[in-house]
Protein chains: 2
Amino acid sequence: MVTIAKIAQELGVSTSTVSKALNGYSEISEKTRSKIMNLATEMGYTPNATAQSLVRKRADTVGVVYEVEYGLKNLFFSSVLEAFRRNVQGRGYDILFLSDNGTSQNYLKHCISKNVDAVLVISTGTSVESVRKLINSDLALMMFDPWYQSKNTIYTDSYNAIKKSCKYLYDLGHRKIAFLNGSYSNFIGRERLKGYLDFIKEKNLEPYYIKNHSNESYSYDEGYKTMKNLFETYGLPDAVCTVSDLMAIGALHYLQNHGYHVPDDVSIIGFDDLSICDISTPKLTTMKQDIEAIGKQACDALIDMLVQGHRTVKPIIVDATIVVRDSCKKKSNH
Amino acid sequence: MVTIAKIAQELGVSTSTVSKALNGYSEISEKTRSKIMNLATEMGYTPNATAQSLVRKRADTVGVVYEVEYGLKNLFFSSVLEAFRRNVQGRGYDILFLSDNGTSQNYLKHCISKNVDAVLVISTGTSVESVRKLINSDLALMMFDPWYQSKNTIYTDSYNAIKKSCKYLYDLGHRKIAFLNGSYSNFIGRERLKGYLDFIKEKNLEPYYIKNHSNESYSYDEGYKTMKNLFETYGLPDAVCTVSDLMAIGALHYLQNHGYHVPDDVSIIGFDDLSICDISTPKLTTMKQDIEAIGKQACDALIDMLVQGHRTVKPIIVDATIVVRDSCKKKSNH
DNA sequence: GTGAAAGCGCTAACAC
DNA sequence: GTGTTAGCGCTTTCAC
């Protein structure tokens, strides 16, 4: 390992001179600087980030708490993380995946210990206590898809997104609009339900949804089962509004398995706009979450906190837009 | 921040005593130890991992070089990473995502700088030079799906996997077996082609594949286009053997769009066994890569190197097995 | 069983 | 402009 001490010794200068030259301090003469720079590259000098981190009290690293069902196989959350990762790495930071350290799950301690500059929390909420401690610390932190309303969060405007979904179906002539609900226990899930119920009320329609069963994983299976439940309770709707693409595809398959055609008999709209929308048959019309914007804005907010020194930022709410594919069509009158 | 110095001062002992107590040295008396432990927890002491890392020369962190098309949205590689992550974190390591640091892409320097203990490389090969430097360093390193044969790699036995795929189709009565190829320029891709060609030769069949077009991203689109190309060149095959689930689904859709039924008219077999196999219509029969085993064995190998101190391990080759769903059936004689 | 002291590699006052 | 010095928080010989 080549250190600044070696370079200094080799050149007969002091370590501080080397350090300053390497860090671009203006007070170093051009002559010494170039001598130092040349030797440094020649010797293959690499700064020891650990030592730097110890004295600078920052690690150029952002921690990520990622606690999500199916982990990185969860296409939605991993897509958000991907967008975040590109932005953060583009700004010169590394990403440290914080493990939950056995049972202790003390993310705050872990962050402090590893000296991360900022933290992104993507957690669907199993270790609430540990995350809450994080939030109440003075770390720069952003939380994606929070399970409760709070500062320093970023999320899609789910309330209006679902309303837009419903309106799209409504404008297509559908009146019996069913809703495939998500979680009833977290903020995002409740927002979506509210969007649906408000729309239904505004238009004076009948609600079609399962009141007593919260869906926590937004999965294909949940979509399939909820559609079954819905169908057996209410019969065939005109259209179904969903809270995830996977659930939409689950519902789609339930209906197809029971002899119905989508979109001829029923229209279905997804939520998220994952890559699987294009591989379903029919291709899935969906409410697109602007994942790129989410990743970028989460990154920007975090870096802004670092630069400005503040630790609180108002919730960032991102708009959703519809992506029309083939799973919805005008209500037919056969 | 509470440091060992504070604890020491508070208790009127030396920092070295505190350090030893905290680290479970046997020479510390039970009495002092418990005094120290109690105060430490009471004060909320968290060891500064950076300082520890500086002196211990390890960071309890494994670096991950992840350079893959679509990034974490790539369901295959992100699934491998997920399995790896769980294993590694279970062993007490954090995962550091190494950024490619702008244009320099010097992973080796980055690893040294950040003091990572080991590295997993999941790279489909754009920055070959940088990765090669990594491999030739004395870091503990494993590489998944290498683009060339080398020590310290882990991958699925693609050659035999494709042979098994073909044999499965053959045993179903299919003789006109087409092949949707992957990359011609990397090791894994060539292994798969070889498996196909050897099988064809052994059974004295005609090969049906596109000789002059390498597919690099194993995507839906590539599957669709290659199937089109294949169909227009050779007409309808009995069955098609593919190198990825996504390509299989692309091919499936091409055939469906052209009025053919899978599996009645054509059988298709995928490769990987991603979660999307269950949501395609029909559900995709596929060659399953044992992603859990890959993640675990990569982790084990790395930790073994760390413990044993060696840096070279023979290639780890993982078996693949077939998962039967609905996209293949016996050749019919209509 | 406990402590003093050196040092990991680096940065940043402060002198000169 | 350059060097001296004092740490950052921790571990680890080596004395006692």
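Here is how names work: the chains are called A, B, and so on, in the same order as the sequence lines, proteins then strands, and each is numbered from 1.
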Output side-chain donor-acceptor pairs under 3.5 Å for residues 136-143 of chain B, partner residues at least two apart or in another chain, one line each.
from	atom 1	to	atom 2	distance (Å)
B:N136	ND2	B:R132	O	3.3
B:S137	OG	B:L134	O	2.6
B:S137	OG	B:L139	N	3.2

- Note on the structure: Those residues at least two apart in sequence (or on a different chain) that pass side chain to side chain contact (heavy atoms under 4.5 Å, CB included) with A:T46 are B:K109, B:S113

- Item | Qualifying side-chain hydrogen bond (donor to acceptor under 3.5 Å, both in side chains) pairs, either residue in residues 290-312 of chain B, two or more places apart | B:R86-B:E292, B:R91-B:D300, B:K296-B:D300

- How are the rings of B:F144 and B:F76 set to each other: parallel, tilted or perpendicular (split at 30° and 60°)? tilted

- Task: Mind checking side-chain hydrogen bond (donor to acceptor under 3.5 Å, both in side chains) for B:Q9 and listing every partner two or more places apart, or none if nothing turns up?
- Result: none

- Query: What residues form a salt bridge (Lys or Arg N to Asp or Glu O under 4.0 Å) with B:D117, not counting sequence neighbours?
  - Reply: none

- Query: Once you build an axis from the first five pairs and another from the last five of the helix from C:dG1-D:dC16 to C:dC16-D:dG1, how far apart in angle are they, to 10 degrees?
  - Reply: 40°

- Contacts of type salt bridge (Lys or Arg N to Asp or Glu O under 4.0 Å), residue B:K20, not counting sequence neighbours: B:E27

- Task: List in chain and number order the residues that pass side-chain hydrogen bond (donor to acceptor under 3.5 Å, both in side chains) with B:N152, two or more places apart in sequence or in another chain; answer none if no residue qualifies.
- Result: none

- Contact letters for nucleotides 1-9 of chain D, in which S counts primed atoms plus P, OP1 and OP2 and B counts the base, heavy atoms under 4.0 Å: BBBB---BB

- Just the endpoints, please: which first and last nucleotides of DNA chain C, 5' to 3', lie under 4.0 Å from a heavy atom of chain B? C:dG1 to C:dG9

- Query: Taking only residues two or more places apart in sequence or in another chain, which ones pass side-chain hydrogen bond (donor to acceptor under 3.5 Å, both in side chains) with A:S16?
  - Reply: A:S14

- Query: Looking at residues at least two apart in the chain, or sitting in another chain, which of them share a side chain to side chain contact (heavy atoms under 4.5 Å, CB included) with B:T15?
  - Reply: B:I4, B:A5, B:A8

